[in-house]
Amino acid sequence: MNQDYIQPNEWSILEEGFNAERVKSSESLFSIGNGAMGQRANFEEKYTGASFQGNYIAGVYYPDKTRVGWWKNGYPEYFAKVLNAPNWIGIHVKINDEVLDLHTCKSVSKFRRELNMKEGWLSRSFEAELQNTIKIRVESKRFLSLELDEIGVINYKITLLNTDASITYTPYLDASITNEDTNWDDQFWDVLNVSAEKEQSFIEAKTMKTNFHTCTFMQSKLFLNATELTLTPTCLKQDKIISNTYTQQVNKNETFSIQKFGGYVVDRNHPKDKLVTAAKNVLNKAVQLGYEELLQMQKESWSKIWHTSDITIEGDVKAQQGIRFNIFHLNQTYLGKDATLNIGPKGFTGEKYGGSTYWDTEAYCIPFYMATKDQSVARALLEYRYNHLHKAIENAEKLGFTNGAALYPMVTMNGEECHNEWEITFEEIHRNGAIAFAIYNYYRYTNDYSYLPEKGLEVLIGIARFWHQRVNFSTEKNKYVMLGVTGPNEYENNVNNNWYTNYIAKWCIEYALENIETVKVDHISDYIRIKEKTNFTEEELTSWKEVASNMYFPYSEKHNIFLQQDGFLDKELITVADLDTSQRPINQKWSWDRILRSPYIKQADTLQGFYLFEDHFSLEELKRHFDFYEPFTVHESSLSPCVHSIQAAKLDQMDQAYTFYLRTSRLDLDDYNHEVEEGLHITSMAGTWMSIVEGFGGMRIVDNMLSFSPKIPKQWKSFSFKVNFRNQVITVNVSQKENNFLVEGNSEMNILVNGELVNVSPNNLVSV
């Protein structure tokens, strides 16, 4: 743990006291979003201290030309950048013509910031003495509407504490923004028009290269105490900025406030030539509803989300705060309204990594969205990949693969690979397996097979073809091997026969073959269509079977375990416990060469396979592999602790499971990796949910039923969660004494609890 200033609270993220050194960290932690847009928690007023300004629009990106490798055959030409969008939240403030700037105030006291996760709003309050000795109290509250997801609202209040004064508000739109993360310092935005009509202001702009057209807009209302004012602003239009200035004489102890309505409309949802009209419509509707009504709608929207997705923990406030923080940000990032969007690793909280889609979505996020929302949301995430199948085939063709073989990208915005590290782009091919597994996982959980004949089987065929071509036959081993790959453990590059990659490749081929037969029998018209479209032959399928049945897996007879890859035991096997703590994290202290020669594992790799395919292995086998590999794991990937927490719980190693849970749930809140100011780890937050539901709750699908094997950390009195399983919502409550189950609706449900069949009837609490 590297920071400890966030106050423990069950429903809020709280910061008390102003400290300039943690401004950028707090800008990440207090970020807000609504699935369509998001923003870091930058101050509304001017701030000249260190800050990372960030506003983001879902699906809008720029293909920043990569600096490395682009001349190599098959290498991505660009690295997709999540774009810092025009800033609409800004409000310059002057008190008797002195600018309010917390970096230059004589003093700042009673500073408090709150991200209310229950109701979905961000607030900030403080008292300040300016250089001109005027003392003020500032209170602000803002949110991005879930109901009207193109708009956000700010309510900003100033109260004079020691004298009368003139207060000037200058709300503005600013399109002269740049990205923190750029390769060549390109200009990403081209401003097309700056305009105003009455008190509504607009900046029309488009992105370079990708030509996304946007309109950023604003309108303000002013109040003295509780009375709305009619003030005529002074409008200033510049090339990339537009502002309205309002000045009011205010008496001591009076409050002058501004309500600012702002946001974005995008040509993804509206015609390019109608964006200003669309912006006017959104503004008119929002202003007519008003701040208070929009806030009430926000509270109701979040109440509906929390009804299914909330997890309660009794007796451990930090653990409770951690899980709600993770669930909150997952819902801020993606709500399933738009099937063309996906879940970026930083969401709307920063620019690092780029891209909107990693394998994280399939491996970690889909289980969360399947269980906490309608199954259509998870299906939309699968369809996102189906819609990019042609691009996956193109990606494979660039590397020399043929016959419709598909290699899905490690990082993408539009289905095209856009990652700029060769060992990831060319070698971390296990991402194909995660996409195939997500199809299996979706059917296993929802019992909705229709996706496979309609779309999923084509994806499986493309993936199977890739694996079939990616292996080669070793005459020495008399097996099929896979050379030059990077497994989930990115601290090992260009290795041969990564066990996880080989295993999931074998499984993918077998799963594709299984579903070809199922569709042939049960969905003959789809089978005929797919066969004609993909042109697979019986000879080809026979060749696939040959590869799957003769795949090579490195194994140690001495340790009785699968080896992470060939040669793993040739390393100097010094455990993490024996590594000097001054050397951690090694990714910030060691050269890459030294890391690659070390035995240290960034995240679950072999154990990732045991997590996905746990029913293929015995508990004894899991324990052997866990006990061998976990001591070498440094958990310097955000995706690592959750898998280890789930497996430790399965092995009844509850102290370890709890430690890993805290690490994953408070990874950002406590800044374990010294990088929270760059943004949050959104996709790994789904792993936190899995740690409780699959780890402590022991939820699985067994014999086509929900199965639970509940365990509870000694630090907790109880915990509870809900899952939406096949359109039935079941509540699970686990305490130190008993386990309770309650199903909503009108239908009974059979479940397994610790292997025993239990019938749960509607609204009838069952204790086990």
Side-chain angles (χ1 to χ4, degrees), residues 11-12 30-39 41 44 55 57-58 88-91 113-125 138-159 169 171 173 197-202 215-231 233 244 246 248 255-266 269-270 276-307 309-310 328 331-332 335 337 348:
W11 275 109
S12 291
F30 290 83
S31 296
I32 56 175
N34 65 1
M37 62 176 169
Q39 58 190 223
E44 294 89 355
N55 290 268
I57 306 171
W88 67 263
I89 71 165
I91 305 172
R113 180 159 24 192
E114 177 180 3
L115 180 62
N116 187 298
M117 300 180 290
K118 186 174 186 178
E119 299 180 348
W121 49 259
L122 168 66
S123 72
R124 183 170 54 101
S125 60
V138 175
E139 299 170 89
S140 72
K141 181 180 286 187
R142 74 178 188 247
F143 58 91
L144 301 181
S145 174
L146 295 184
E147 189 70 23
L148 305 178
D149 62 11
E150 294 172 319
I151 202 158
V153 191
I154 302 167
N155 191 21
Y156 193 96
K157 303 178 180 181
I158 295 180
T159 304
Y169 285 130
L173 305 176
E197 186 173 321
K198 297 181 180 178
E199 292 186 15
Q200 295 181 340
S201 301
F202 312 95
C215 178
T216 309
F217 55 83
M218 71 172 181
Q219 182 174 342
S220 301
K221 297 171 72 173
L222 286 300
F223 297 82
L224 183 62
N225 298 320
T227 303
E228 185 173 357
L229 303 176
T230 302
L231 299 178
N244 290 319
Y246 305 85
Q248 175 71 25
T255 300
F256 183 41
S257 59
I258 180 171
Q259 292 178 358
K260 183 177 182 182
F261 302 78
Y264 310 101
V265 290
V266 189
N269 305 309
H270 304 279
V276 171
T277 300
K280 289 178 181 178
N281 292 338
V282 173
L283 276 172
N284 291 338
K285 185 172 184 178
V287 171
Q288 183 177 4
L289 286 168
Y291 168 77
E292 293 296 341
E293 180 64 24
L294 286 169
L295 180 59
Q296 182 58 36
M297 291 165 61
Q298 184 79 346
K299 294 176 182 178
E300 292 171 1
S301 295
W302 273 104
S303 178
K304 292 176 183 176
I305 290 172
W306 285 115
H307 174 73
S309 65
D310 190 25
F328 179 73
N331 280 291
Q332 288 200 124
L335 290 164
K337 293 182 179 180
F348 299 117

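Keep in mind that this is a model prediction, so the values were computed, not measured.
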Open item on the list: Is the shortest side-chain heavy-atom distance between Val153 and Arg142 below 4.5 Å?
Closed with: no

Task: Results of side chain to side chain donor-acceptor pair (under 3.5 Å) for Gln296 - residues two or more places apart only - done: Glu300

Open item on the list: Which residues pass the ring pair (Phe, Tyr, Trp, His ring centres under 6.0 Å) test with Phe328, not counting sequence neighbours?
Closed with: Trp302

Open item on the list: Tell me every residue that passes side chain to side chain contact (heavy atoms under 4.5 Å, CB included) with Glu147, counting only those two or more places apart in sequence or in another chain.
Closed with: Ser145, Met297, Ser301

Task: Which residues share a salt bridge (Lys or Arg N to Asp or Glu O under 4.0 Å) with Lys280, sequence neighbours left out - done: Glu197

Open item on the list: Can you list everything that forms a side chain to side chain donor-acceptor pair (under 3.5 Å) with Asn34? Sequence neighbours excluded, please.
Closed with: none

Please list, one pair per line, the donor and acceptor atoms closer than 3.5 Å that link side chains of residues 256-266 to other protein atoms, with sequence neighbours excluded.
| from | atom 1 | to | atom 2 | distance (Å) |
| --- | --- | --- | --- | --- |
| Lys260 | NZ | Trp88 | O | 2.5 |
| Lys260 | NZ | Gly90 | O | 2.7 |
| Lys260 | NZ | Tyr172 | O | 2.8 |
| Tyr264 | OH | Pro86 | O | 2.5 |

- [ ] Side-chain contact test, heavy atoms from C-beta onward, threshold under 4.5 Å: evaluate it for Arg113 versus Phe30 and give yes or no.
- [x] yes

Task: Close side-chain approach of Trp11 to Asn116, heavy-atom, < 4.5 Å - done: no

Open item on the list: Run the side chain to side chain donor-acceptor pair (under 3.5 Å) test against Thr255 and tell me which residues pass, sequence neighbours left out.
Closed with: Thr159

Task: Gap between atom OH of Tyr156 and atom NZ of Lys141 - 0.5 Å precision - done: 15.5 Å

TODO: Using the test side chain to side chain contact (heavy atoms under 4.5 Å, CB included), find all partners of Thr277 that sit at least two apart in sequence or belong to another chain.
DONE: Asn281

Open item on the list: I want to check something: taking the side chain as every heavy atom from C-beta on, are Leu144 and Met37 in contact at a cut-off of under 4.5 Å?
Closed with: yes

TODO: Applying side chain to side chain donor-acceptor pair (under 3.5 Å), name anything that partners Ser309, two or more places apart in sequence or on another chain.
DONE: none

Open item on the list: For a 4.5 angstrom cut-off between non-hydrogen side-chain atoms, does Phe223 reach Leu229?
Closed with: no

TODO: Not counting sequence neighbours, which residues clear salt bridge (Lys or Arg N to Asp or Glu O under 4.0 Å) with Arg124? List them please.
DONE: Glu44, Glu45

Open item on the list: What I want to check is whether the side chains of Glu199 and Gln219 have a donor and an acceptor closer together than 3.5 Å.
Closed with: no

Open item on the list: Assess, by modelled atom type and distance only, whether the side chains of Asn155 and Glu139 contain a donor and an acceptor separated by less than 3.5 Å.
Closed with: no

Open item on the list: I want to check something: taking the side chain as every heavy atom from C-beta on, are Leu222 and Glu228 in contact at a cut-off of under 4.5 Å?
Closed with: no

